Visitor: 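Got a structure for you, questions after.
Here, residue 1 is the first one in the sequence, and each next residue gets the next number. What you are looking at is a predicted structure, and each value in this text was computed from that prediction instead of being measured.
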Amino acid sequence: MMKNEKNNISRRSFLKMMGAGAATAMAACAGGNKEEKKASEEYKQQVEPSTGQMTYRENLHGDKVSLLGYGMMRLPTKADNDEEYDQEMINKQVDYAIEHGVNYFDTSPVYCKGFSERCTGTALSRHKRSEYYVATKLSNFNAETWSREASIAMYRNSMKELQVDYIDYYLLHSVGGGGMDNFSKRYLDNGMLDYLMQEREAGRIRNLGFSYHGDIKVFDYLLAENDKYHWDFMQIELNYLDWDFANEINNRNTDARYLYAELKKRGIPAVIMEPLLGGRLANLPQYLVSELKRRDPQRSVASWAFRYAGTPEGVLTVLSGMTYMEHLKDNLLSYCPLVPFSEQEMEYLHRTIAQKIVGLENIPCNDCNYCMPCPYGIDIPAIFVHYNKCKNEGTLPRTVGDDDYRKHRRQYLISLDRAVPRERQPDHCIGCGQCEPHCPQNIRIPKELHKIDDFIEELKRTPNPTT
């Protein structure tokens, strides 16, 4: 590991160096939303996954990588204090994952309020270095971290936190957001991309790639320059909704069909993020759940999305943020071993399930918490998750002429107060826009919050369908 003391910065100094806004705004909240904490009955009834059955894919250098990758973005917290991460449980789940063949662990300096790398390093350091591949990122989102010195300090601090002297997979984090101008300031003007290529040549980075969100011009530019950069892998968002409908659910995203095809054309392995779209593809409306269960009653709803993401041959690994052991076990069942989808099954998901989901017109929130914290205390993801949940369940109050208007109106307002404290609801949004640049889904957050606030105010003004 790096021993130079002048490069060993304190966590407080590190977070300050990153910029408090970037460090916390890009940090995923611990443990996900309240719904995630109620593990579904299908998880409780699942069988124990087998050991020795994991499906592996080879990277460009012959490393065998587990098809299931462990995303260290939503780590478990202690039952009596959700502000403190439960290192004992993290260790237990990492041990279980490695025992069942998982060897790819993905983290970032800004995940889990800046603690993900430390927690990940503590858990992995208890295992032989040859048993795992660790991936982390240059998450220099804030302008304060764009200098060469600050970016290098972030890179070296990752090695310190992860307790390693080389990084298996290193990514330029979330390129595309802000377009080419932002990319140039973060990685080109300061010489950081050249520096990271030198680190790869020296062996301190084994594979160099980037994660993509946003402006397709940046993605196309980096692929066009592949002869110069020799990308070892790329991380893209891929699931059966984004395959053809990314642009329809969010008109600033790119369909996964295009992203994957461009990588496959060049032989670049794809690391997959958001196979569940932040849980949306595991929490479908009941009529879609029933449809999937009729076709395969033994598998969970989430397994459809995971099998889908793992089926394309160019996929190296599929990342999942597994907060609970139940999630880990269910995902292991999907990949130990993978039963690839047939063309008929793929078409069924594309043309039947995906099209019906698009018709719901939900807010495309993945509950990643990148928009947080709001300077005015608004719980943005919780508001969107609650709205989408009611819409998916068909309990969203519509017009006063509906027979169930009074019941649904009462249910919506009561459940909102339970899910989101009054002081954190959308009426507190002043439209400052600090959240919007951080959203990987490019949601116009203030606009959506104001729409929901107007909807809530209308419900409060119209308590009785006869008025």
Visitor: Considering residues at least two apart in sequence or located in another chain, which fulfil the ring pair (Phe, Tyr, Trp, His ring centres under 6.0 Å) criterion with F384?
Guide: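 By the ring pair (Phe, Tyr, Trp, His ring centres under 6.0 Å) rule, F384 matches no residue at all.
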
Visitor: Tell me, do L171 and F233 make a side-chain contact under 4.5 Å, heavy atoms counted?
Guide: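 They are in side-chain contact.
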
Visitor: Got a salt bridge between R280 and D367, using NZ or NE/NH1/NH2 to carboxylate O under 4.0 Å?
Guide: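 No.
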
Visitor: Counting C-beta onward and ignoring hydrogens, is there a side-chain heavy-atom pair between K78 and D86 closer than 4.5 Å?
Guide: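 Yes. Closest side-chain heavy atoms under 4.5 Å.
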
Visitor: Kindly indicate whether a cation-pi arrangement holds for R129 with Y166, taking the cut-offs as under 6.0 Å to the six-membered ring centre and within 45° of the axis.
Guide: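 The answer is yes, since R129 meets both limits relative to Y166.
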
Visitor: Can R295 and E345 be said to form a salt bridge (Lys or Arg N to Asp or Glu O under 4.0 Å), step by step?
Guide: CA-CA 10 Å; R295 292 181 69 100; E345 287 176 307; 5.7 Å; no

Visitor: Say whether, by atom type as modelled, one donor and one acceptor occur between the side chain of N103 and the main chain of V65 under 3.5 angstrom.
Guide: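 Side chain of N103 to backbone of V65, a donor-acceptor pair under 3.5 Å: no, none is there.
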
Visitor: Not counting sequence neighbours, which residues clear side-chain hydrogen bond (donor to acceptor under 3.5 Å, both in side chains) with Y169? List them please.
Guide: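 Y169 satisfies side-chain hydrogen bond (donor to acceptor under 3.5 Å, both in side chains) with N59 once adjacent residues are dropped.
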
Visitor: When you check the side-chain N and O atoms of T254 and Y212, is any donor under 3.5 Å from an acceptor?
Guide: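 Yes - a donor-acceptor pair under 3.5 Å links their side chains.
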
Visitor: Between S116 and M72 (side chain of the first, backbone of the second, donor and acceptor by atom type, cut-off under 3.5 Å), is there such a pair?
Guide: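 Indeed, once roles are kept as given, a pair shorter than 3.5 Å links the two residues.
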
Visitor: Identify whether the distance between the nearest side-chain nitrogen and carboxylate oxygen of K160 and E117 falls below 4.0 Å.
Guide: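 Not counted as a salt bridge, because no side-chain N and carboxylate O are separated by less than 4.0 Å.
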
Visitor: Quick one: does L124's side chain get under 4.5 Å of I98's, heavy atoms only?
Guide: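 Side-chain contact under 4.5 Å: yes.
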
Visitor: Would K265 and E262 pass as an ion pair if we require N to O under 4.0 Å?
Guide: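 Yes, this pair counts.
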
Visitor: Who pairs with D189 by side chain to side chain contact (heavy atoms under 4.5 Å, CB included), at least two apart in sequence or on another chain?
Guide: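 Listed in chain order: S184, K185.
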
Visitor: Between Y104 and D63, do the side chains contain an N or O donor and an N or O acceptor separated by less than 3.5 Å?
Guide: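 Not at all, the side chains of Y104 and D63 share no donor-acceptor pair under 3.5 Å.
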
Visitor: A side-chain contact here means heavy atoms from C-beta on lying under 4.5 Å apart; do Y229 and L196 qualify?
Guide: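 No, too far: nothing below the 4.5 Å cut-off.
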
Visitor: Set out, in order, the CA-CA distance, both residues' side-chain angles and the distance that settles ring-ring contact (aromatic ring centres under 6.0 Å, His included) for Y308 and H350, then state yes or no.
Guide: CA-CA 10 Å; Y308 176 91; H350 289 158; 5.4 Å; yes

Visitor: Using the rule given for side chain to side chain contact (heavy atoms under 4.5 Å, CB included), can you reason through E99 versus T51, listing the C-alpha separation, both sets of side-chain angles and the distance that settles it, and then say yes or no?
Guide: CA-CA 7 Å; E99 179 187 353; T51 57; 4.2 Å; yes

Visitor: As a quick check of understanding, evaluate side chain to side chain contact (heavy atoms under 4.5 Å, CB included) for S334 and S303, giving each step before the final call.
Guide: CA-CA 6 Å; S334 294; S303 72; 3.3 Å; yes

Visitor: Decide yes or no for H327 and R74: does some side-chain heavy atom of the first lie under 4.5 Å from some side-chain heavy atom of the second?
Guide: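 A side-chain contact under 4.5 Å is absent here.
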
Visitor: Any non-hydrogen side-chain atom of F115 less than 4.5 Å from a side-chain atom of Q87?
Guide: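 Contact flag for F115/Q87 side chains = no.
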
Visitor: Could you tell me whether the side chain of S139 and the main chain of V110 form a donor-acceptor pair under 3.5 Å?
Guide: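 Pair absent, no side-chain N/O of S139 close to backbone of V110.
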
Visitor: Spell out, as yes or no, whether a donor-acceptor pair under 3.5 Å connects the side chain of N239 to the backbone of E274.
Guide: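 Checking the backbone N and O of E274 against the side chain of N239, a donor-acceptor pair under 3.5 Å is found.
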
Visitor: With a 4.5 Å limit on heavy-atom distance, are the side chains of Q163 and T122 in contact?
Guide: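 Q163 vs T122: side chains touch.
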
Visitor: With a 4.0 Å cut-off on N to O distance, would you call D232 and R206 a salt bridge?
Guide: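 Not counted as a salt bridge, because no side-chain N and carboxylate O are separated by less than 4.0 Å.
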
Visitor: Output every pair passing ring-ring contact (aromatic ring centres under 6.0 Å, His included) with a member in residues 49-72, not counting sequence neighbours, ordered by first then second residue.
Guide: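 Output for this query lists Y70-F105.
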
Visitor: Residues two or more places apart in sequence or in another chain: which of them pass side chain to side chain contact (heavy atoms under 4.5 Å, CB included) with K217?
Guide: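 With neighbours one apart ignored, the set is D215.
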
Visitor: E88 and K92: salt bridge (Lys or Arg N to Asp or Glu O under 4.0 Å), yes or no, with the steps?
Guide: CA-CA 6 Å; E88 184 177 351; K92 181 179 179 181; over 6 Å; no

Visitor: Give a yes or no on whether the backbone of Y170 and the side-chain of R200 come within a donor-acceptor separation of less than 3.5 Å.
Guide: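 Checked: no pair found.
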
Visitor: When you measure from the side chain of W243 to the backbone of L238, do you find a donor-acceptor pair of N or O atoms at a distance under 3.5 Å?
Guide: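 It does not hold such a pair.
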
Visitor: Could you check whether any side-chain N or O of N190 sits under 3.5 Å from a backbone N or O of W146, counting only pairs where one atom can act as donor and the other as acceptor?
Guide: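 Looks like yes, one N/O pair under 3.5 Å.
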
Visitor: Are side-chain heavy atoms of M192 and I152 found at a separation under 4.5 Å?
Guide: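 A side-chain contact under 4.5 Å exists here.
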
Visitor: Where the side chain of R126 meets the backbone of A123, is there a donor-acceptor pair that is under 3.5 Å apart?
Guide: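 A pair under 3.5 Å: yes.
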
Visitor: Sequence neighbours left out, what passes ring pair (Phe, Tyr, Trp, His ring centres under 6.0 Å) with H213? Give chain and number order.
Guide: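 In terms of ring pair (Phe, Tyr, Trp, His ring centres under 6.0 Å), with neighbours along the sequence ignored, H213 is linked to no residue.
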
Visitor: Is it true that D194 and K228 have a side-chain N and a carboxylate O under 4.0 angstrom from each other?
Guide: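 No, no charged N to carboxylate O under 4.0 Å.
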
Visitor: Begin with the C-alpha distance, continue with both residues' side-chain angles, and end with the deciding distance and a verdict on salt bridge (Lys or Arg N to Asp or Glu O under 4.0 Å) for E313 and R57.
Guide: CA-CA 8 Å; E313 61 182 14; R57 298 274 171 81; over 6 Å; no

Visitor: Any luck finding a side-chain donor-acceptor pair between E199 and Y155 under 3.5 Å?
Guide: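 Indeed, the side chains of E199 and Y155 share at least one donor-acceptor pair under 3.5 Å.
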
Visitor: For E144, is there any backbone N or O sitting under 3.5 Å from a side-chain donor or acceptor partner on N142?
Guide: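 Here the side-chain-to-backbone pair exists.
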
